[in-house]
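Everything quoted here is computed from the prediction, not taken from an experiment. Below, chain A is the first sequence line, B the second, and so on; all start at residue 1.
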Amino acid sequence: MAQKPSIPKGTRDFSPAEMVRRNYIFDTVKGVFQRYGYLPIETPAMENLSTLMGKYGEEGDKLLFKILNSGDYLKDADATLLAEKNSTKVTSQISEKGLRYDLTVPFARFVVQYQNDITFPFKRYQIQPVWRADRPQKGRYREFFQCDVDVVGSNSLLNEVELMQIVDEVYRRLNINVLLKLNNRKILAGIAETIGQPERIIDITVAIDKLDKIGLDKVNQELAEKGLPQEAIDRLQPIIQLTGTNAEKLSVIRSVIGSSAIGVKGIEEVETILSTVAAIGLSLDVELDLTLARGLNYYTGAIFEVKAKDVAIGSITGGGRYDDLTGIFGLKNVSGVGISFGADRIYDVMTQLDLFPENHAATTKVLFVNFGEKEALYALGLLAQVRQAGINAELYPDNSDKMKKQMGYADKKQIPFVAIIGDEEMNQQKIMLKAMQSGQQQLVDLAQLIEIVGA
RNA sequence: GUGAAUGUAGCUCAGCUGGUUAGAGCACUAGAUUGUGGUUCUAGGGGUCGCCGGUUCGAACCCGGUCUUUCACCCCA
């Protein structure tokens with residue numbers, strides 16, 4: 001018995017109907033990126049493992065898909081390590097390539113590699129799939145598309161503002177209500193510094209993040225379990241219970257961490273970004289949220305996250321500033337800031353909210369029925385002119401198929417018009433044009449057909 | 001990586017405390033209709049009940065394992 005065909009866990013096929021809608025997302029995202037002066041690049045699906053490993057933290061290394069070396073890959077593997085079943089060490093001996101985990105690290109590699117050919121500030125966008133060996137669940141896939149926009153080689157906060165404008169414009173065009181959460185790594189560093197625990201940024205942030213879920217007592221309990229002294233936890237209280245407008249939050253934060261130079265720097269950055277954004281007037285809501293911990297491994301300044309207001313699916317866009325991402329590849333003092341749109345989640349959101357427009361632009365407008373060799377040849381001539389007029393059109397290929405079947409084909413593909421040409425029509429130099437929706441048909445000439453179908 | 005659920009026709013699912021030949025709707029094919037789809041009517045094809053093993057006179061149903069999918073945790077788009 002033939003084995004049932006299937007695809008790997010967490011991956012998906014996309015039907016023509018889905019691709020029309022996916023392309024709608026890619027096209028609008030791309031359009032906005034280009035409008036702001038970003039240019040496309042692409043990088044290979046696989047990178048050397050050395051450029052990938054250690055960039056995403058311990059967890060990230062586990063989630064990397066590794067590619068087995070070609071040929072007799074066990075030949076050079078250490079026999080004792082194999083015998084010990086030491087997966088981690090054996091891996092490095094039998095695999096030197098991996099699938100990209102995101103687009104940011106390959107981009108950093110790209111910038112360093114072509115630094116002499118790149119004009120800074122370098123603004124690029126990149127829309128490609130990435131792979132993570134995660135366990136799939138709602139809105140989480142093992143292969144998914146990211147749409148990254150980054151600018152490197154500029155420290156100006158105007159870049160942060162521009163990215164927020166891009167977020168605003170993309171979601172306005174897609175008609176999705178979103179909330180943009182803003183944080184700043186420097187503020188978090190200032191908090192940790194102020195309470196004398198500079199190493200504990202992540203523990204603190206992760207704990208604060210759970211306030212909604214587990215409540216204040218549990219958060220404090222968790223902080224204590226992480227080894228924070230009581231005094232530090234006490235000083236954290238105003239931060240944990242931070243509420244109010246962005247301005248109110250900033251003033252509370254300032255009163256707590258005002259003595260930390262880096263913390264103040266962070267506050268000033270946020271204030272600059274917020275006031276600039278306010279001046280140019282974005283339609284999306286911006287909320288200062290200190291619990292944003294994403295990408296903490298390499299972000300150094302602003303951190304962004306975007307959530308859909310009307311669907312619970314996690315974040316659909318995220319990003320931030322990284323002062324030294326290219327540093328690990330040997331290029332110092334190049335700062336970058338960027339964001340990534342999660343196309344697959346955006347697709348899910350738009351599907352759930354039924355936001356996709358009726359899009360027949362990519363589909364066939366008129367099908368020519370095929371009655372035989374002579375008729376097909378005649379239709380082909382007309383077809384060229386119809387296409388010349390910018391109308392998507394096709395001829396049914398098999399003249400042995402009954403008209404019933406050919407009509408069925410048009411119906412299934414939702415082709416709005418069918419052109420019927422037999423002996424009679426050919427003699428009269430006319431076309432029997434049937435409008436599928438109404439079922440009505442009329443005898444027309446080519447110019448009329450183009451006018452009716454093209455309308 | 002941890003915990004829980006799920007798997008019956010191409011799809012969505014029914015199938016009684018284990019009982020003989022496993023069903024429905026949709027989809028598909030053909031005909032009613034040899035130049036007319038979507039509606040209607042008629043007929044038909046399609047399943048070793050995820051896989052392997054066990055219990056039993058007998059398993060889609062009970063038990064064990066395994067894989068798949070889904071949900072939550074961790075983390076993340």
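Within 4.0 Å of G139(A), counting heavy atoms only, lies at least one base atom of the nucleic acid.
Nucleotide G35(B) holds its P atom 12 Å from the CD atom of E424(A), rounded to whole Å. In this entry the distance linking CG of D61(A) with P of C76(B) reads 13 Å, nearest Å. What separates CG of L443(A) from C1' of G35(B) is a distance of 13 Å, to the nearest Å. Across the protein-nucleic acid pair, Q441(A) atom CD and G35(B) atom C1' stand 9 Å apart, rounded to whole Å. Counting to the nearest Å, the C1' atom of G37(B) and the CG atom of L433(A) are 15 Å from each other. Taking atom CG on L103(A) and atom P on C76(B), their separation rounds to 17 Å, with Å as the unit. Spacing between atom NZ of K412(A) and atom P of U36(B) amounts to 17 Å, rounded to whole angstrom units. The distance between atom NZ of K218(A) and atom P of C73(B), rounded to the nearest whole Å, is 15 Å.
R321(A) and E160(A) are joined by a salt bridge, as a carboxylate oxygen and a charged side-chain nitrogen come within less than 4.0 angstrom of each other. A salt bridge links K309(A) to D285(A): one of the charged nitrogens lies within less than 4.0 Å of a carboxylate oxygen.
Ring geometry, F110(A) versus F122(A): the interplanar angle falls under 30°, so the pair is classed parallel (tilted spans 30 to 60°). Ring orientation note: the planes of F33(A) and F341(A) are tilted relative to one another, at an angle of 30° to 60°.
For R140(A) against C71(B), a side-chain-to-base donor-acceptor contact under 3.5 Å is absent. Applying the 3.5 Å distance criterion, the base of U2(B) shares a donor-acceptor pair with the side chain of R135(A). No hydrogens or angles were tested; on distance alone, a donor-acceptor pair under 3.5 Å links the side chain of K434(A) to the base of G37(B).
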* To do: Go through Y409(A) and Y396(A) one step at a time and tell me if the ring pair (Phe, Tyr, Trp, His ring centres under 6.0 Å) criterion holds.
  => CA-CA 9 Å; Y409(A) 172 83; Y396(A) 194 88; 5.3 Å; yes

* After noting the C-alpha distance and the side-chain angles of D148(A) and R124(A), does the key distance pass the salt bridge (Lys or Arg N to Asp or Glu O under 4.0 Å) rule? -> CA-CA 8 Å; D148(A) 273 35; R124(A) 74 90 230 227; 3.7 Å; yes

* Step by step, would you call E162(A) with K123(A) a salt bridge (Lys or Arg N to Asp or Glu O under 4.0 Å)? -> CA-CA 11 Å; E162(A) 179 167 284; K123(A) 300 169 76 165; 2.9 Å; yes

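Remark on RNA chain B: of its neighbouring residues I7(A) and F341(A), the 5'-side contact belongs to I7(A), judged by nearest-heavy-atom nucleotide. Nearest-nucleotide positions on RNA chain B for F144(A) and G10(A) put G10(A) closer to the 5' end.
The listed nucleotides are C75(B), G38(B), U36(B); the one nearest the side chain of D411(A) is G38(B). Checking G37(B), C76(B), G35(B) against every side-chain atom of I420(A), the shortest atom distance belongs to G35(B). For D134(A), whose side chain is taken as the heavy atoms from C-beta onward, the closest listed nucleotide among C75(B), U70(B), G35(B) is C75(B).
The distance from atom CZ of F107(A) to atom CD1 of I41(A), rounded to the nearest 0.5 Å, is 5.5 Å. Atoms CG and CZ, from L449(A) and F417(A) in turn, are 8.5 Å apart once rounded to the nearest 0.5 Å. For the atom pair CE (M426(A)) and CG (L382(A)), the distance works out to 9.0 Å, reported to the nearest 0.5 Å.
For the P atom pair drawn from U8(B) and U69(B), the interatomic distance equals 14 Å after rounding to whole Å. A gap of 34 Å separates the C1' atoms of U68(B) and C57(B), to the nearest Å. Nucleotides U55(B) and G64(B) place their P atoms 15 Å apart, quoted to the nearest Å. With P as the reference atom, G54(B) and C16(B) are 25 Å apart, rounded to whole Å. When the P atom is used for both U17(B) and C62(B), the distance is 11 Å, rounded to whole Å. Comparing U20(B) with C28(B), their P atoms sit 33 Å apart, to the nearest whole Å. Straight-line distance between the C1' atoms of G46(B) and G23(B): roughly 14 Å, to the nearest whole Å. Straight-line distance between the C1' atoms of U29(B) and G45(B): roughly 7 Å, to the nearest whole Å.
Residues of residues 397-409 of chain A that place a heavy atom closer than 4.0 Å to RNA chain B, in numerical order, are K402(A), M403(A), K404(A), M407(A), G408(A). Against RNA chain B, the stretch residues 374-384 of chain A makes no heavy-atom approach under 4.0 Å.
Between F26(A) and F145(A), the gap from one ring centroid to the other is short of 6.0 Å.
Of the possible donor and acceptor atoms, one in the side chain of D61(A) sits under 3.5 Å from a partner among the backbone N and O of G54(A). In this structure, R100(A) contributes its side chain and P106(A) its backbone to no donor-acceptor pair below 3.5 Å. In this structure, the side chain of S315(A) does not engage the main chain of G318(A) through any donor-acceptor pair within 3.5 Å.
One finds a side-chain N or O of K9(A) lying less than 4.0 angstrom from the OP1 or OP2 phosphate oxygen of U69(B). A close approach under 4.0 Å does occur between a side-chain nitrogen or oxygen of Q137(A) and OP1 or OP2 of A72(B).
With a 3.5 Å limit on both pairing distances and Watson-Crick or G-U wobble geometry required, the stems of 3 or more pairs in RNA chain B span B:1-5 with B:69-73, B:10-13 with B:23-26, B:28-32 with B:40-44, B:50-54 with B:62-66.
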